[in-house]
Protein chains: 2
Amino acid sequence: MTYDRLLEIATEHFGAKGFEGASTRKIAADSGTAMSSITYHFGGKEGLYLAVADHIAARIAERQASALVAAKSGAKLTRDQAIEAALAMVESFGRMMLAPESAAWSTFIVREQQAPTAAFERLYDGAMRAVVERLVALIAVARPDLDAQAARMTGILLYGQALILCVGHAAVCRVLEVESLDAGMQSALLARLRATSLCVLSEKPE
Amino acid sequence: MTYDRLLEIATEHFGAKGFEGASTRKIAADSGTAMSSITYHFGGKEGLYLAVADHIAARIAERQASALVAAKSGAKLTRDQAIEAALAMVESFGRMMLAPESAAWSTFIVREQQAPTAAFERLYDGAMRAVVERLVALIAVARPDLDAQAARMTGILLYGQALILCVGHAAVCRVLEVESLDAGMQSALLARLRATSLCVLSEKPE
DNA sequence: GTCTATACTACGATAGAC
DNA sequence: GTCTATCGTAGTATAGAC
């Protein structure tokens with residue numbers, strides 16, 4: 001379908017070059033269709049951009065769905081269970097950050113973070129909110145010594161560890177002295193992510 | 001000087017909108033000069049872009065200089081000294097990430113990370129390398145249980161915690177339920193950054 | 001060094017054929 | 001639904017006056 005193909009290609013282009021950098025002519029050409037198809041299906045460049053935001057949010061949501069289910073919310077958890085569930089969420093996020101698709105997503109999202117447009121609301125409400133809130137709730141159980149705001153901040157910082165794997169991709173490769181992150185390096189990174197997160201989550205409340 | 005003014009304004013524009021999104025016309029206009037001044041001083045848009053990369057690298061380097069000096073390299077440090085020096089470096093980086101100027105830098109750098117151009121070399125060699133290598137060396141002292149590669153990964157992850165404060169700015173505000181990060185919130189974030197980093201650095205080698 | 005002029009290319013939008 | 005054709009705008013680069 002032309003609609004889907006345009007959406008897929010547009011995700012790559014907007015992710016790689018940003019809103020202004022991407023060209024509707026090139027998006028249409030790479031999708032094997034005419035530029036006016038964008039007008040027909042999405043109303044214009046801006047409509048296409050917003051559709052891409054929804055698309056990214058949906059993809060992220062479905063990828064994080066399993067981690068969310070595993071970290072069941074309502075149930076009372078022991079501290080060890082909460083720690084394990086939080087680790088699983090951070091690791092799941094890190095795994096997504098290492099996946100090749102998310103390279104396009106991350107630049108898209110980071111741009112929206114710095115200068116939020118209407119697309120940011122869709123990204124946050126569609127994908128981020130549920131994941132962050134769940135992790136924060138688990139941290140509150142794992143670290144009863146932290147107040148609510150400190151638990152939120154800790155959640156942010158833990159996700160930051162995973163985020164750099166994608167957002168700082170070139171620097172990560174440089175520091176590790178590799179050309180790209182092969183499967184072995186990826187699992188080593190995820191293991192380290194889990195280990196450092198465990199240090200934070202299992203800190204003994206004195 | 002026209003040269004300096006162009007450089008400063010260009011840093012903002014490229015940071016906010018990326019290479020393709022920024023317009024030499026607008027950069028020149030905001031600098032109060034003619035567009036052809038860019039050709040004269042920088043040879044064209046691309047030359048200006050590379051000059052901005054050098055400019056950002058220099059600014060970062062000078063900001064991190066004090067943290068680098070404090071974490072003196074050659075000297076033998078005790079574990080506690082290494083931990084304290086590493087904490088100071090992470091905190092210094094976090095402080096920079098919270099500074100308003102770095103908002104423009106971060107998007108510039110993140111774009112380069114995902115799709116590195118010649119500008120990335122300048123950023124990495126000019127600013128990042130020294131800071132990362134110093135932190136990794138300190139981690140090696142603080143955590144003798146980690147091998148060299150694990151120490152590198154840990155350094156990356158610690159910097160990731162600080163990076164999200166800038167790169168995920170909009171989401172951070174959302175999670176903390178504030179409009180912007182005032183001074184109190186900033187120091188609370190830095191305190192938490194220090195606390196979680198301490199958890200990782202002071203982990204007892206069994 | 002800095003400006004004005006202009007040349008040329010590429011952009012997004014839209015109208016209308018099919 | 002998809003295409004071609006065209007319009008107006010905005011982009012960078014460059015030549016030449018001062």
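Keep in mind the model is a prediction, meaning the values are calculated, not measured. So you know, we letter chains A, B, ... as the sequences are listed, proteins then strands, and number each from 1.
For A:S36 against D:dT4, a side-chain-to-base donor-acceptor contact under 3.5 Å is present.
Ring pair B:Y49/B:F108: centre-to-centre distance below 6.0 Å.
Comparing atom distances between the A:M35 side chain and each of C:dT2, D:dT14, C:dG12 picks out C:dG12 as nearest. Listed nucleotides D:dT4, C:dG12, D:dT2 differ in distance to A:T33; the shortest reach to its side chain belongs to D:dT2.
The phosphate of C:dA10 (OP1 or OP2) has no side-chain N or O of A:K26 nearer than 4.0 angstrom. The side chain of B:Y40 contributes an N or O atom lying less than 4.0 Å from OP1 or OP2 of C:dG1.
Residues A:T39 and B:H41 both approach DNA chain C. Their nearest nucleotides, taken by heavy-atom distance, put B:H41 toward the 5′ side. Nearest-nucleotide assignment on DNA chain D puts the 5′-proximal partner with A:T2, out of A:T2 and A:R25.
Of the options B:S37, B:S31, B:S36, a side chain to side chain donor-acceptor pair (under 3.5 Å) to B:T33 is made by B:S37 and by none of the others.
For B:E20 and C:dC11, the CD to C1' distance is 13 Å, given to the nearest whole Å. Between the CG atom of A:D4 and the P atom of D:dG1 there is a distance of 13 Å, rounded to whole Å. Residue B:Y49 contributes atom OH, which lies 15 Å from atom P of D:dA13 at whole-angstrom precision. The interatomic distance linking A:I38 (CD1) with D:dC3 (P) rounds to 11 Å, in whole Å. In this structure, the NZ atom of A:K45 is 14 Å from the P atom of D:dA10, given to the nearest Å. We find that CZ of A:R5 is positioned 13 Å from P of D:dT2, with the value rounded to whole Å.
Glycosidic conformation of C:dA5 is syn; the angle stays within 90° of 0.
Remark: side-chain polar atoms of B:E203 are not paired, donor with acceptor, to backbone N or O of A:C199 under 3.5 angstrom.
Contacts of B:S37 with the nucleic acid, taken as non-hydrogen atoms under 4.0 Å apart, involve only primed sugar atoms and P, OP1 or OP2. A:A22 comes within contact range of the sugar-phosphate backbone alone, with a heavy-atom separation under 4.0 Å but no base atom that close.
Taking the six-membered ring where the residue is Trp, A:H41 and A:Y3 present perpendicular rings, their angle passing 60° and hence far from 30°.
A salt bridge is defined here as a Lys NZ or Arg NE, NH1 or NH2 lying under 4.0 Å from an Asp or Glu carboxylate O, and A:R174 with B:E121 meets this definition.
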